[in-house]
Amino acid sequence: MTTRLKIGLQAIVLGKKYNVDEDRVLDAVAAAGYDALECVANDPVSFRRKLTSRRLVYAGAHTTPSKLTDVGELVAALHTMGAEDVCNSGLLDWNKRSPQDYRETIEILNQAGRKLRAEGIRLHYHNHDFEFEKSDAIGGKTGMDLLLEGLDPKAVDLCVDVGWVDKAGLDPVDFLLENADRVGYLHFKDYDDNGWAEIGTGKVDFAAVIRILPRLPGARWIILEQDVARIDPLDSLRISRNNLREKFGL
């Protein structure tokens, strides 16, 4: 299958063994067939130069609500890197998930998202599994219900992590189709009974997810993400990219 979406790598897979700006890492990412990296760029000018020399680009940044109260530095870095996307993970306090915590986070995200859109940058809310837990405190709704009700679609859309959706007990395809007009970014993640796994070796039905990609008109990137690698990270990122290509045609 062909897709208009480019495919990037989330640098979290490197863990503590490698730094994302090491030449051997960037060479491995390029050789594996990725188009881009999603990561922290400590020196945007130098890092962009390294990416360009390998025909890679910067897919975008990953941040948290507490760092979005002032977006000036983030905007400057993204403009320098030539990127137009930033993903947000979690609420203001990772361990606090009351309705009020959701409301406060939603307000911050909406304000930041509007400022970022004015700069040509899109903000995406990246889910984990906890957003899908039902709570009696909110009338049996989930945190995701609150996010979908409260987030301004013109300011913040969704980065759907299909692995976390699956771990939450939902069908990623159903969730994607139900929210097709709000999906702006995709994280492909897989897992098995022992933890996070390379794409195509775990429980996520990527064939089904990939079949419905044409029905997600606003999706901008597919980013492969593995929080922890059980083998050498450079081998892990290579296996995931090869599997996506050889098993699923991307």
Side-chain angles (χ1 to χ4, degrees), residues 3 5-42 47 50-51 54 56 58-64 87-90 94-95 124 126-133 159-173 175-176 185-210 213 221-250:
T3 177
L5 298 176
K6 291 187 176 181
I7 297 167
L9 174 73
Q10 223 301 332
I12 193 173
V13 69
L14 301 174
K16 296 182 179 180
K17 185 167 185 177
Y18 300 105
N19 294 319
V20 70
D21 59 353
E22 291 182 48
D23 287 339
R24 58 178 169 171
V25 170
L26 296 177
D27 289 343
V29 172
Y34 290 93
D35 300 303
L37 272 163
E38 179 192 292
C39 59
V40 174
N42 293 318
F47 192 55
K50 286 188 173 186
L51 292 178
R54 294 168 173 85
L56 295 169
Y58 188 62
H62 208 104
T63 190
T64 60
C87 295
N88 168 84
S89 280
W94 185 263
N95 297 307
H124 318 281
H126 177 288
N127 68 275
H128 293 78
D129 56 351
F130 71 82
E131 293 95 343
F132 298 98
E133 297 172 359
C159 167
V160 178
D161 185 310
V162 299
W164 279 117
V165 173
D166 197 273
K167 280 181 73 71
L170 283 73
D171 184 333
V173 169
F175 183 76
L176 286 166
Y185 206 92
L186 292 161
H187 269 200
F188 277 15
K189 183 182 293 179
D190 212 349
Y191 69 101
D192 58 25
D193 290 335
N194 296 310
W196 300 118
E198 285 72 37
I199 299 298
T201 67
K203 298 183 178 183
V204 177
D205 187 351
F206 282 102
V209 171
I210 289 167
L213 289 179
W221 283 98
I222 294 172
I223 302 294
L224 276 57
E225 181 180 43
Q226 185 172 341
D227 290 12
V228 179
R230 286 176 258 167
I231 58 177
D232 186 280
L234 300 187
D235 292 329
S236 179
L237 68 86
R238 187 179 303 113
I239 290 170
S240 285
R241 185 66 188 92
N242 285 344
N243 285 349
L244 191 64
R245 181 187 304 108
E246 295 171 5
K247 291 186 176 184
F248 307 112
L250 292 184

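- One finds the NE2 atom of H187 at 13.0 Å from the CH2 atom of W164 (value rounded to the nearest 0.5 Å).
- Residues meeting the ring-ring contact (aromatic ring centres under 6.0 Å, His included) test with Y34, sequence neighbours left out: none.
- The stretch residues 192-209 participates, sequence neighbours left out, in these salt bridge (Lys or Arg N to Asp or Glu O under 4.0 Å) pairs: D192-R230, D193-K203.
- Atoms CG and CH2, on D35 and W221 in that order, are 6.0 Å from each other to the nearest 0.5 Å.
- Residues T64 and N88 share a closest heavy-atom pair of C-OD1, 3.2 Å.
- Using a 4.5 Å heavy-atom cutoff, the side chains of L37 and L26 are in contact.
- For the pair A36 and L56, the tightest heavy-atom approach, listed with the atom from each and the gap, is N-CD2, 4.1 Å.
- The two residues Y185 and A59 come nearest to each other via the heavy atoms OH-CB, 3.9 Å.
- Judged purely by atom type and a 3.5 angstrom limit, S240 uses its side chain to pair as donor or acceptor with the backbone of I199.
- In this structure the side chain of N19 never reaches within 4.5 angstrom of the side chain of L14, judged on heavy atoms.
- Residues F132 and V165 form a side-chain contact, since some pair of their non-hydrogen atoms from C-beta on lies under 4.5 Å apart.
- Atom SG of C87 and atom CD of Q10 lie 8.5 Å apart (nearest 0.5 Å).
- The cationic group of K167 lies under 6.0 Å from the six-membered ring centre of Y191 and within 45° of the ring axis, placing it in a cation-pi geometry.
- Between the CD1 atom in I12 and the CH2 atom in W196 there is a gap of 10.0 Å [rounded to 0.5 Å].
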Are D23 and K50 close enough, and set up right, to give a side-chain contact (heavy atoms from CB on, under 4.5 Å), and what steps lead you there? CA-CA 8 Å; D23 287 339; K50 286 188 173 186; 3.9 Å; yes

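- When all heavy atoms of V20 and V25 are compared, the pair lying nearest together is O-CG1, 3.9 Å.
- Contact of the L244 side chain with the L224 side chain is registered, since non-hydrogen atoms from C-beta on lie closer than 4.5 Å.
- The closest side-chain heavy-atom distance from N42 to V40 is below 4.5 Å.
- V204 is not listed as a side-chain neighbour of K189, based on a closest heavy-atom distance of 4.5 Å or more.
- R24 has its side chain within reach of Y18: a pair of non-hydrogen atoms, C-beta onward, lies under 4.5 Å apart.
- How far CG of D171 is from CG of D166: 7.5 Å, rounded to the nearest 0.5 Å.
- Contact of the V209 side chain with the L186 side chain is not registered, since no non-hydrogen atoms from C-beta on lie closer than 4.5 Å.
- Counting only distance, with no hydrogens or angles, the side chain of D21 and the backbone of F47 share no donor-acceptor pair below 3.5 Å.
- Residue R245 comes nearest to A32 through the heavy atom pair NH2-O, 2.7 Å, listed as atom of the first residue, atom of the second, then distance.
- The minimum heavy-atom distance linking N127 with C159 is given by the pair OD1-O, 3.3 Å.
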Given V162 and F206, is the side-chain contact (heavy atoms from CB on, under 4.5 Å) satisfied, shown in steps? CA-CA 9 Å; V162 299; F206 282 102; 3.8 Å; yes

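- No donor-acceptor pair closer than 3.5 Å links the side chain of D161 to the backbone N or O of H128.
- Of the inter-residue distances, the one linking L237 atom CG with Q226 atom CD reads 9.5 Å to the nearest 0.5 angstrom.
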